[in-house]
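Please read these numbers as outputs of a predicted model, since none were measured by experiment.
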Amino acid sequence: MIETLVWTALVLAVIGVYLSWTAGRLDRLHTRMDAARAALDAQLVRRASVVLEVATSGAFDPASSIVLYEAAHAARQADEEHREVAESELSQALRAVFADAAQVEELKAAPGGETAAEELAEAVRRVPMARRFHNDAVRAARALRRHRKVRWFRLAGHAPFPLAFEMDDEPPAHLADRPS
C-alpha cells in the first residue's frame, strides 16, 4: 500500500515538474515575442521618422514629398488595429518614390542627403529583419500553445494567442542595395 502511494506521488511529482518546465518555456517564448515586438515597433517608428525627415528635406519634387510625408505620418499615427496596413502603404510609397535610381541620387545630391540616404537605406533594411524575428517568435509560441498539455492544463494562462505582424516590407531595390 505504501509502495503504491510512493510511486503515485513520484509519478505526480515528475508530471508536475514537466508541466512546470513547459509553462516556464512558454513564458520565455512570450517574453521573447514581446521583446521582438518592441524591437519591431522601434524599427517601424525609426523608418517612419527617417522618411518624414527625408520628405521634409526639400530634396524631392512636391508630389513625391507629399506622398512620402502622408504615408509616414499615417504609419506613425495608426492605431494597432490598422498598423499593418499603414506600414504596408509606407513601403509601397517608398517603392513608388524610389523606383528609379535617379531619385536616390537626387536625395544624395541634396545638402545632408548622403547621410539621409544611408539612414533611410539602413532603416528599410532593418524592418524586414525585425519582422522576421518577431514572426519567428510568434511561430514558436503558437507551436507550443497548440500542444494538448498546454491547452488541457491552461499553461498559457490568460495570455492572448500570439499574432504575427503581416505587412509588405519589401524595400525599394535601389535604396536597399548596400553601397559598394
Side-chain angles (χ1 to χ4, degrees), residues 1-52 68 70-96 98 119-173 175-178:
M1 174 78 171
I2 293 179
E3 187 176 313
T4 305
L5 287 175
V6 169
W7 281 109
T8 303
L10 184 62
V11 167
L12 288 176
V14 168
I15 290 171
V17 167
Y18 178 69
L19 290 176
S20 175
W21 176 81
T22 303
R25 182 172 168 228
L26 186 60
D27 184 53
R28 287 189 302 276
L29 283 172
H30 280 186
T31 301
R32 182 176 135 208
M33 187 178 56
D34 290 342
R37 179 58 188 241
L40 174 62
D41 286 340
Q43 291 305 319
L44 291 172
V45 167
R46 182 171 182 265
R47 179 180 75 157
S49 297
V50 172
V51 171
L52 282 172
L68 287 176
E70 287 181 352
H73 183 69
R76 294 265 319 255
Q77 300 299 318
D79 57 349
E80 199 61 36
E81 191 174 298
H82 300 100
R83 183 134 188 229
E84 293 172 348
V85 173
E87 294 294 344
S88 293
E89 288 173 355
L90 177 55
S91 296
Q92 292 166 359
L94 283 166
R95 282 197 307 274
F98 292 104
E119 285 181 24
L120 185 58
E122 186 176 326
V124 299
R125 277 194 305 266
R126 286 184 174 194
V127 167
M129 287 188 299
R131 189 177 75 86
R132 197 171 316 121
F133 289 142
H134 174 264
N135 288 349
D136 286 346
V138 166
R139 195 173 305 110
R142 280 180 170 182
L144 185 57
R145 286 183 67 154
R146 284 192 189 105
H147 289 192
R148 283 189 193 120
K149 64 182 175 242
V150 173
R151 291 191 319 255
W152 287 352
F153 293 102
R154 299 184 182 268
L155 298 181
H158 297 290
F161 194 73
L163 298 175
F165 194 85
E166 297 300 333
M167 65 172 268
D168 174 8
D169 61 0
E170 185 179 333
L175 192 60
D177 291 340
R178 291 204 176 266

How many angstroms lie between atom CD of E166 and atom CZ of R131, to the nearest 0.5 angstrom? 5.5 Å
Take L120 and F98 through the side-chain contact (heavy atoms from CB on, under 4.5 Å) test and state the conclusion after the steps. CA-CA 11 Å; L120 185 58; F98 292 104; 3.7 Å; yes
Validation row: R139, R142 side chains within 4.5 angstrom (heavy atoms): no
With side-chain contact (heavy atoms from CB on, under 4.5 Å) as the test, would you mind laying out the steps for T4 and M1 before giving the verdict? CA-CA 5 Å; T4 305; M1 174 78 171; 5.8 Å; no
Run the side-chain donor-acceptor check on residues 41-52: report pairs under 3.5 Å with partners two or more places apart or on a different chain.
{"from": "D41", "atom 1": "OD1", "to": "R37", "atom 2": "NE", "distance (Å)": "3.3"}
{"from": "D41", "atom 1": "OD1", "to": "R83", "atom 2": "NH1", "distance (Å)": "2.9"}
{"from": "R47", "atom 1": "NH1", "to": "S91", "atom 2": "OG", "distance (Å)": "2.8"}
{"from": "R47", "atom 1": "NH2", "to": "E87", "atom 2": "O", "distance (Å)": "3.1"}
{"from": "R47", "atom 1": "NH2", "to": "E87", "atom 2": "OE1", "distance (Å)": "2.8"}
{"from": "S49", "atom 1": "OG", "to": "V45", "atom 2": "O", "distance (Å)": "2.9"}
{"from": "S49", "atom 1": "OG", "to": "R76", "atom 2": "NH1", "distance (Å)": "3.0"}

What is the minimum heavy-atom distance between A140 and R32, and which atoms define it? CB-NH1, 4.5 Å
Could you pull out the closest heavy-atom pair between E170 and D168, with the gap in Å? N-OD1, 3.3 Å
Calculate, to the nearest 0.5 Å, the distance between atoms CZ and CG belonging to R95 and L90 respectively. 10.0 Å
What residues form a side chain to side chain contact (heavy atoms under 4.5 Å, CB included) with E84, not counting sequence neighbours? F165
Minimal non-hydrogen separation, R125 against L175, with atom names: NH1-O, 4.4 Å
How close do D169 and P128 get, heavy atom to heavy atom, and via which atoms? OD2-CA, 3.2 Å
For residues 11-30, run the donor-acceptor check on the side chains, cut-off 3.5 Å, and write out each pair with its distance to 0.1 Å, sequence neighbours left out.
{"from": "Y18", "atom 1": "OH", "to": "K149", "atom 2": "NZ", "distance (Å)": "2.8"}
{"from": "T22", "atom 1": "OG1", "to": "Y18", "atom 2": "O", "distance (Å)": "2.9"}
{"from": "R28", "atom 1": "NH1", "to": "G24", "atom 2": "O", "distance (Å)": "3.4"}

Nearest heavy-atom contact between A74 and A86 is O-CB, 3.8 Å
Would you compute the distance between atom CE of M167 and atom CD of Q92 and round it to the nearest 0.5 angstrom? 9.5 Å
Heavy atoms only: give me the nearest R145-P160 pair and the separation to one decimal. NH1-O, 2.9 Å
